[in-house]
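FYI, side chains are in, hydrogens and waters are out, and symmetry mates aren't considered; it's all heavy atoms of this structure.
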Amino acid sequence: KAPSEMQFKILADGYLQNQKTRVKESSYLSILSKINLHIISYFGEMKVKDITPMTILEWQHSIDGYSYTHKSNLRTLLSSIYKYGERYYDIKNIMFKVDSFRNTEPPKEMDYWTLEEFERFITCCEDEKMKLLFRFLYITGCRKGECQAVTWRDIDFKRATVKINKNITRKTTEGTYKVVSPKNVSSNRTIDLPKQFCKELQNIKTGNLDEFVFGGANPIPDRTI
């Protein structure tokens, strides 16, 4: 059979198998979910040769209710599948014939808590360890997964610093969580901590440097936070 005779789901599966060896497991599982839910469910049974620019335009109309970012991400995935087909099966890439989504959403302003708002929040938190966790998040500005991944080895009490060099992901098939590298290279950083805050952390420090600061043998669960 000519490559264009193959069903779209076979082409998409080939793309996914290729991506599985190229990206983090968490990224792959995210891609897999989006492609299965929004792309294969629509194009899967079609033959590649039968998919026209109008077919793709109709698909874009079918996902029009989602946010601009989500729609654009899905379109990028579909485009990536076609680029894979073009490279390895010499399938004609028709994505350039279809207009991309236009962003008609008003720009979002960055929302953050002022110190006053944070202090109002933290007074409602009765658990002392949870108070430390939320204060750690507020002081460092790190992501939740980065905070969950911090071990006692990462904190230098003499210099009053913490190294952010890993992340916790729940998108894994190897257990309930997995320790992975940060979102990008620039996410590896060392952050200064207030000395008084370091003293409070020392009060809950354990002897095992590889234990998670917030959680112990295992990182604190998302639901708890």
Side-chain angles (χ1 to χ4, degrees), residues 12-13 15-41 66-67 69-70 73-74 76-77 80 111-113 118 121-122 124-157 160-193 197-198 200-225:
D13 184 63
Y15 167 77
L16 285 167
Q17 292 306 313
N18 186 54
Q19 285 298 102
K20 195 172 186 178
T21 64
R22 296 169 60 85
V23 300
K24 290 181 183 179
E25 183 190 23
S26 57
S27 298
Y28 170 75
L29 291 176
S30 178
I31 291 170
L32 176 65
S33 174
K34 289 173 183 175
I35 288 179
N36 280 334
L37 187 61
H38 297 289
I39 298 178
I40 290 180
S41 62
Y66 293 98
S67 70
T69 300
H70 189 58
N73 286 341
L74 293 176
T76 298
L77 285 174
S80 296
D111 191 19
Y112 59 90
W113 281 354
F118 176 75
F121 159 77
I122 206 68
C124 299
C125 184
E126 296 179 356
D127 187 284
E128 291 303 318
K129 287 187 178 180
M130 291 303 295
K131 275 188 177 182
L132 286 175
L133 181 147
F134 289 124
R135 286 173 63 200
F136 182 90
L137 284 168
Y138 193 75
I139 289 166
T140 63
C142 69
R143 299 177 179 91
K144 180 180 66 174
E146 293 173 335
C147 172
Q148 290 169 300
V150 170
T151 63
W152 291 113
R153 192 179 298 280
D154 299 321
I155 298 180
D156 186 329
F157 287 101
T161 61
V162 58
K163 286 183 179 179
I164 304 297
N165 53 22
K166 50 192 174 297
N167 190 50
I168 293 293
T169 180
R170 307 290 174 177
K171 293 178 180 178
T172 178
T173 58
E174 300 176 17
T176 57
Y177 71 90
K178 189 175 184 179
V179 179
V180 297
S181 56
K183 191 172 182 179
N184 47 55
V185 176
S186 61
S187 294
N188 284 287
R189 57 206 189 276
T190 299
I191 300 174
D192 292 330
L193 297 172
F197 184 69
C198 279
E200 293 176 49
L201 284 177
Q202 278 187 306
N203 291 334
I204 64 166
K205 185 176 180 293
T206 62
N208 187 345
L209 294 180
D210 293 316
E211 280 196 346
F212 297 102
V213 173
F214 304 107
N218 296 300
I220 188 168
D222 291 357
R223 183 172 293 185
T224 303
I225 297 176

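For the ring pair (Phe, Tyr, Trp, His ring centres under 6.0 Å) with F134, the lone residue among W113, F118, F121 that qualifies is F121. Checking each of T206, T151, N218 against E211 for a side chain to side chain donor-acceptor pair (under 3.5 Å) leaves exactly one that passes, namely T206. Partner I164 forms a side chain to side chain contact (heavy atoms under 4.5 Å, CB included) with one of D154, V150, N188 and no other, that one being V150.
At a threshold of 4.5 Å between non-hydrogen side-chain atoms, the residues R189 and C142 count as touching. Taking 4.5 Å as the limit, every side-chain heavy atom of I122 sits out of range of all side-chain heavy atoms of Y138. Under the 4.5 Å side-chain criterion, counting only non-hydrogen atoms from C-beta, F157 is in contact with W152. Between V213 and L133 the shortest side-chain heavy-atom distance does not fall below 4.5 Å. No side-chain heavy atom of K178 sits less than 4.5 Å from a side-chain heavy atom of S26. I225 has its side chain out of reach of F214: every pair of non-hydrogen atoms, C-beta onward, lies at least 4.5 Å apart.
For S67 (side chain) and H70 (main-chain N/O), a donor-acceptor pair under 3.5 Å exists by modelled atom type. Under the 3.5 Å distance criterion, the side-chain polar atoms of Y66 are left unmatched by any main-chain donor or acceptor of L74. A donor-acceptor contact shorter than 3.5 Å links the side chain of S80 to the backbone of T76. A donor-acceptor pair under 3.5 Å links the side-chain atoms of N167 to the main chain of E146, judged by distance alone. A donor-acceptor distance shorter than 3.5 angstrom exists from the side chain of E25 to the backbone of T173, with no hydrogens or angles considered. In this structure, S41 contributes its side chain and L37 its backbone to a donor-acceptor pair below 3.5 Å.
K131 and C125 get closest at one heavy-atom pair: CE-O, 2.6 Å. Counting all heavy atoms, side chain and backbone alike, L201 lies closest to L132 at CD2-CD1, 4.4 Å. Across all their heavy atoms, F136 and C147 have their closest contact at CD2-SG, 3.7 Å. Across every non-hydrogen atom of I220 and M130, the tightest pair is CD1-SD, 3.6 Å.
Heavy atoms of other residues, nucleotides or ligands lying less than 6.0 angstrom from NZ of K163 number 12 at most. Counting heavy-atom neighbours within 6.0 Å of Q17 CD, excluding the residue itself, gives a total above 12. Heavy-atom contacts from other residues, nucleotides or ligands closer than 6.0 Å to NZ of K24 number more than 12. Other residues, nucleotides and ligands contribute at most 12 non-hydrogen atoms within 6.0 Å of the NZ atom of K129. With a 6.0 Å radius and a threshold of 12 heavy atoms from other residues, nucleotides or ligands, K20 has its NZ atom at or below the threshold.
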Item to complete: Test S187 against R143 for side-chain contact (heavy atoms from CB on, under 4.5 Å), laying out the working first.
Response: CA-CA 10 Å; S187 294; R143 299 177 179 91; 3.4 Å; yes
Worksheet entry | Verdict with reasoning, S27 to Q19, per side-chain contact (heavy atoms from CB on, under 4.5 Å) | CA-CA 9 Å; S27 298; Q19 285 298 102; over 6 Å; no
Practice prompt. Apply side-chain contact (heavy atoms from CB on, under 4.5 Å) to D210 and R153, showing your working.
Written response: CA-CA 6 Å; D210 293 316; R153 192 179 298 280; 3.0 Å; yes
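Salt-bridge formation is detected for the pair E200/R135: a Lys NZ or Arg NE/NH1/NH2 atom is positioned less than 4.0 Å from an Asp or Glu carboxylate oxygen.
Partners of D222 under the salt bridge (charged side-chain N to carboxylate O under 4.0 Å, His left out) rule, at least two apart in sequence or in another chain, are K144, R170.
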